[in-house]
Amino acid sequence: MIRSVLAFTAGLGLGASVVTLGSAPRQSIGVARSGSSTVQLRLYTIDKGRLDDFATAWRAGVSPLRLSN
């Protein structure tokens, strides 16, 4: 229970940071803004002993897609 509360609290803090960064002006990197943006925060729970499987799948599937954008 305490672990879940700590993870939730950390997620809220991280989410607030992401939203703050997402709303900051991006003139220095030349990104055109339309006035609105969408931010997603996903929290993944990884079963004990399955971190290597998750990391391998992430690097093979998600990471290449994120880098292509």
Side-chain angles (χ1 to χ4, degrees):
M1 176 72 178
I2 292 175
R3 188 174 176 187
S4 296
V5 171
L6 290 174
F8 179 76
T9 304
L12 286 178
L14 180 61
S17 298
V18 169
V19 170
T20 300
L21 290 173
S23 63
R26 297 182 185 210
Q27 297 169 351
S28 61
I29 58 174
V31 174
R33 298 201 43 136
S34 64
S36 66
S37 63
T38 301
V39 176
Q40 287 186 350
L41 174 64
R42 295 182 181 193
L43 300 176
Y44 294 92
T45 302
I46 302 167
D47 294 331
K48 198 173 212 175
R50 301 289 311 264
L51 180 59
D52 290 337
D53 296 336
F54 177 83
T56 300
W58 184 274
R59 287 186 197 110
V62 177
S63 185
L65 293 175
R66 298 296 300 151
L67 294 173
S68 69
N69 287 335

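Fair warning: this is a prediction, and the values are worked out from it, not measured in the lab.
To the nearest 0.5 Å, the span separating OG1 on Thr45 from CZ on Phe54 amounts to 9.5 Å.
Note on residues 46-55: pairs passing salt bridge (Lys or Arg N to Asp or Glu O under 4.0 Å), not counting sequence neighbours, are Arg50-Asp53.
The cluster map of Ile, Leu, Val, Met, Phe, Trp and Tyr, joined by side-chain heavy atoms under 4.5 Å apart, puts Ile46 and Leu43 in different clusters. Note on Val62 and Leu41: separate hydrophobic clusters, where clusters join Ile, Leu, Val, Met, Phe, Trp and Tyr whose side-chain heavy atoms are under 4.5 Å apart, directly or indirectly.
Contacts of Arg42 classified as side-chain contact (heavy atoms from CB on, under 4.5 Å), with partners at least two apart in sequence or in another chain: Gln40, Tyr44.
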